[in-house]
Amino acid sequence: MSGRVKLGIIGCGIAANDLHWPALKNLSDCFEIVEVCNRSPAKALSFAKLIGSSTGKEPACSTDYQNILANPEIAAVNIALPVELNAPVIRDSLRAGKHVICEKPLAENLNSAAALLDLEKNFPHQVAMVAENVRYRRFIGRIKELIANGSIGRPYLVQWRHLTKIEDDNKYAQTSWRKNHVYQGGFITDAGVHDVAALHDLLGPLELLSSFSDCVNPAIGSTDCMMCHFVSQSGLHGSLSLGFSVVAHEQNQLIILGSAGTLTFEHNLLTLKKADDSIHEEDLSDDWGFEAEFRDFYQAITQGKKPHSTFAKAYADLAFILACTVN
Ligand code: NAP
């Protein structure tokens with residue numbers, strides 16, 4: 001298969017408008033958005049108009065995703081819905097013969113995610129991937145390169161602190177499906193699963209040794225604070241601290257300590273410090289991986305290759321973060 005892939009978008013909320021569309025706009029050689037769907041018609045219409053104002057061709061609109069699935073012209077769907085709808089919509093989409101890219105986390109709980117892993121085996125000729133954009137960020141590849149070429153010697157400790165304050169009027173916290181969430185783990189799952197995906201890509205499978213989680217501000221969900229201790233298969237120990245109701249302090253910093261140097265990544269800046277006090281800095285700004293993620297989806301469809309962000313990896317990310325929220 002080659003040429004532009006005809007795409008349907010299911011869910012026209014924040015992710016579709018603010019994160020997916022800017023990437024898809026730059027990939028007009030890969031995708032043609034043929035139809036969009038949203039529960040409330042006004043959001044579907046305004047999203048269709050936004051796309052049409054740029055492409056000159058407004059996609060069709062609907063409020064029922066079955067219309068997209070019944071459209072034989074559409075080869076692939078992009079799912080950006082409340083998390084608890086991922087499983088049924090992925091299932092219906094694969095059964096309708098569509099290639100699927102679905103926002104993270106894979107499902108609302110681990111049983112549901114496991115059922116999707118079983119389901120996808122029945123559709124070996126369709127792409128099934130999770131839109132875990134962090135897997136496509138520049139810092140991941142660069143850190144792996146620096147570790148592999150011995151820049152910091154033997155890595156022995158990893159620390160990630162992701163501390164921020166999600167105000168009650170934050171646009172994500174305002175979505176009703178997050179406020180009254182039925183998916184497990186609240187903000188820790190919704191946002192923290194990205195950090196786990198990055199750690200998995202950097203370090204490989206992780207064994208959870210201990211964890212603590214709590215709810216500081218129930219207005220943003222059941223769990224907004226978490227700390228865990230893990231070990232990688234190569235014996236590297238690490239900790240991940242997540243706080244989404246932190247007062248008067250913000251920090252999103254990854255530190256990797258090695259026998260011959262230290263790597264930090266913060267605000268898109270990668271810093272390598274060596275024993276001779278030399279400091280090397282690299283700006284690794286990117287679009288948070290969205291364009292690369294959709295390009296991977298396109299290449300998986302047109303070249304029949306496995307995408308980088310598979311259901312199996314998303315399952316492992318979800319399993320880890322959910323295990324951290326069980327005390
Ligand atoms: P959102 O703004 O609430 O968007 C979800 C949309 O789905 C809403 O517009 C909602 O319409 C629509 N919807 C609900 N039920 C539907 C149905 N049965 N059929 C069609 N449309 C339906 O939430 P969001 O922030 O975009 O999050 C959506 C997904 O993206 C989640 O999986 C989230 O985890 C993910 N996300 C990822 C990132 C990232 O960095 N990768 C960032 C943000 C979100 P109504 O409002 O009319 O109900």
Side-chain angles (χ1 to χ4, degrees), residues 8-24 35-48 50 59-70 77-93 100-109 112-113 116 129-137 162 164 166 169-198 220-221 244 252 286-294 296-297 308-309 311 313-314 317-318 321-322:
I9 297 184
I10 304 176
C12 306
I14 302 167
N17 276 273
D18 297 359
L19 310 174
H20 297 175
W21 170 238
L24 288 167
E35 189 166 342
V36 301
C37 157
N38 195 76
R39 194 184 60 84
S40 51
K43 283 165 85 170
L45 193 61
S46 88
F47 190 46
L50 175 72
C61 276
S62 64
T63 53
D64 183 349
Y65 71 89
Q66 295 294 350
N67 287 342
I68 287 187
L69 301 190
V77 293
N78 172 35
I79 300 170
L81 291 170
V83 172
E84 65 274 14
L85 296 178
N86 286 355
V89 179
I90 289 171
R91 185 194 60 219
D92 290 353
S93 302
V100 169
I101 182 169
C102 178
E103 264 299 344
K104 45 48 65 180
L106 177 57
E108 77 281 13
N109 60 46
S112 184
L116 290 174
M129 77 176 259
V130 169
E132 178 44 85
N133 55 293
V134 170
R135 290 215 136 84
Y136 297 87
R137 292 208 59 193
H162 186 170
T164 188
I166 305 287
D169 63 355
N170 171 281
K171 65 180 172 181
Y172 293 116
Q174 283 295 304
T175 52
S176 58
W177 62 272
R178 284 188 178 90
K179 271 202 256 190
N180 308 303
H181 62 95
V182 294
Y183 67 92
Q184 251 177 293
F187 257 88
I188 291 298
T189 306
D190 188 27
V193 76
H194 286 302
D195 303 328
V196 172
I220 67 162
F244 296 112
N252 190 358
D286 57 13
D287 74 341
W288 289 74
F290 290 104
E291 206 173 308
E293 153 188 291
F294 279 107
D296 190 32
F297 184 46
H308 176 47
S309 185
F311 276 18
K313 288 180 184 171
D317 300 339
L318 184 63
I321 198 78
L322 288 180

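Every number for a ligand or one of its atoms is a count from 1 in the order of the listing.
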Item to complete: List for me each residue that meets side chain to side chain contact (heavy atoms under 4.5 Å, CB included) alongside T175, sequence neighbours excluded, and say none if there are none.
Response: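 Checked T175 against side chain to side chain contact (heavy atoms under 4.5 Å, CB included); matches are I14, W177, R178.
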
Practice prompt. Give a yes or no on whether a salt bridge exists between D296 and R135, defined as a side-chain N under 4.0 angstrom from a carboxylate O.
Written response: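 Salt bridge between D296 and R135, a charged N being under 4.0 Å from a carboxylate O: no.
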
Worksheet item: Using a threshold of 4.0 angstrom between heavy atoms of the protein and any atom of ligand 1, which residues qualify?
Response: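 Correct list: G11, C12, G13, I14, A15, L19, C37, N38, R39, S40, K43, A80, L81, P82, V83, L85, E103, K104, N133, Y172, T175, W177, R178, D190, H194, F290.
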
Fill in: T189 side chain to Q184 backbone, donor-acceptor under 3.5 Å
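Between the backbone of Q184 and the side chain of T189 there is a qualifying donor-acceptor contact (under 3.5 Å).
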
Fill in: Partners meeting side-chain hydrogen bond (donor to acceptor under 3.5 Å, both in side chains) with T164 (sequence neighbours left out)
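Listed in chain order: E250.
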
Discussion item. For F187 together with H181, are the ring centres under 6.0 Å from each other?
Written reply: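 Between F187 and H181, which both carry aromatic rings, the centre distance is not below 6.0 Å.
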
Practice prompt. Output every pair passing side-chain hydrogen bond (donor to acceptor under 3.5 Å, both in side chains) with a member in residues 9-19, not counting sequence neighbours, ordered by first then second residue.
Written response: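 Found D18-K171.
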
